[in-house]
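Presented below is the structure to which this report refers.
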Amino acid sequence: MSVTLATWNVNSLNVRLPQVQQWLQANPVDVLGMQELKLPDERFPLDAVREQGYEAEVFGQATYNGVALLHRSQARDVVRNLPGYADAQSRVITATVATPLGDIRLINAYFVNGQAPGTDKFAYKNEWLTHLHAHVQAQMQAHAQVVLMGDFNITAEDADSWDPDGLRGTIHHTPEERQAFARLLELGLVDAFRQFPQPEKTFSWWDYRMLGFQKNRGLRIDYILISPALRPLLRRCWIDRAPRKWPKPSDHAPVLIELGQPDS
DNA sequence: ATGGCTACGTACCGTAGA
């Protein structure tokens, strides 16, 4: 018995629905967190995901942002965005989902990009990260089995970048961002991907330009972090590069984890 | 050379992403 969770920045569900359907057909995960839907709630393709056996908790937005959680059964206590932080951008959806391994509190987030240090957007990123930290901390105090997943728009360490020296100090590589990531780990969360030996230069995003994917000039900016109670259940974590090779791909690849009882 | 591609809006380019 196992439970599989995945996160995927689809870069417009308007455009990417066929790829998402194809991917779910081949990867019938129990939970999928999506980011950058770029559509309002009323345009969410609920019928299509139900045909594939999922229910959806949606926090959409036209043009930019927008997140959703697909799941197999019941979701409750859904929270949209960060409590106490009036944000016009739809970036976070939190819900409790029942699984064969018990309830899991899922936080699915599209972190702020931040553009460049010194910009207003970078200031917004840091402010947003502070409020995200408070939200995650509160969820961990209230729930044992917590998952924080999504597009973090941060390289946690040099190994997560194709060019850590050349890009040092630029967006996704700044000390402020990595400090914010480290502060999430200080809550007790662990980066599922780094719990296992992994090939070097394994990334989750590649620029559409410059033959980024073909040259593997990428970043690992999509993560699944799990709470201590889930750590003994973690069996594996991997990034599925396959859909990045399909026609009209998202620039991000899905990240997955498999959870199960250690003795089964 | 800091571009190169893709998505969106309402456009035939500018903004944004990362």
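This is a predicted model, so every value here is computed, not measured. Computed over heavy atoms, backbone and side chain alike; hydrogens, waters and symmetry mates excluded. Quick note on labels: first sequence line is chain A, next is B, and so on, each numbered from 1.
- The OH atom of Tyr110(A) sits 8 Å away from the C1' atom of dA16(B) (whole-angstrom rounding).
- Taking for each of Gln115(A) and Arg43(A) the nucleotide of DNA chain B with the nearest heavy atom, the 5'-most of the two is the partner of Arg43(A).
- Taking atom P on both dG4(B) and dC13(B), the two are 15 Å apart, rounded to the nearest angstrom.
- For the pair Asn113(A) and dA18(B), the criterion of a side-chain N or O lying under 4.0 Å from OP1 or OP2 is met.
- Taking atom CG of residue Asn9(A) and atom P of nucleotide dG17(B), one finds them 12 Å apart after rounding to whole Å.
- Residues Trp23(A) and Trp8(A) place their aromatic rings such that the two centres sit under 6.0 Å apart.
- The separation between Leu39(A) atom CG and dC8(B) atom P is 9 Å, rounded to whole Å.
- Lys121(A) comes within 4.0 angstrom of the backbone, heavy atoms only, and of no base.
- Taking atom CG of Leu37(A) as the reference point, atom C1' of dA7(B) lies 14 Å away to the nearest angstrom.
- Here dA16(B) presents its P atom at 15 Å from CZ of Arg209(A), a figure rounded to the nearest Å.
- Across dC12(B) and dA7(B), the matching C1' atoms stand 15 Å from one another, rounded to whole Å.
- Considering all non-hydrogen atoms of both residues, Cys237(A) and Gln198(A) come closest at O-NE2, 3.3 Å.
- Atom NZ in Lys248(A) sits about 4 Å away from atom P in dA7(B), given to the nearest Å.
- Tyr85(A) and His131(A) have parallel rings, their planes meeting at less than 30° on a 0 to 90° scale where 60° marks the start of perpendicular.
- Rounded to whole angstrom, the span from the NE2 atom of His252(A) across to the P atom of dT6(B) amounts to 15 Å.
- Nearer the 5' end of DNA chain B, as judged by each residue's closest nucleotide, is the contact made by Arg16(A), out of Glu36(A) and Arg16(A).
- The gap from the P atom of dC8(B) to that of dG3(B) amounts to 23 Å, rounded to the nearest Å.
- Nucleotides dT6(B) and dA1(B), compared at atom P, are 26 Å apart to the nearest Å.
- Contact of Asp207(A) with dA18(B) (side chain to base): no donor-acceptor pair of N or O atoms is detected under 3.5 Å.
- The separation between Asn65(A) atom CG and dA18(B) atom P is 9 Å, rounded to whole Å.
- When heavy atoms are screened at a 4.0 angstrom cut-off, Leu211(A) is found touching no nucleic acid atom at all.
- Rounded to the nearest Å, the gap between the P atom of dT15(B) and that of dT10(B) is 14 Å.
- With both ends at atom P, the span from dT2(B) to dA18(B) equals 23 Å, rounded to whole Å.
- Judged by distance alone, the side chains of Gln52(A) and Gln25(A) do bring a donor and an acceptor atom under 3.5 Å apart.
- With 3.5 Å as the limit, one finds no donor-acceptor pair spanning the side chains of Gln145(A) and Asp103(A).
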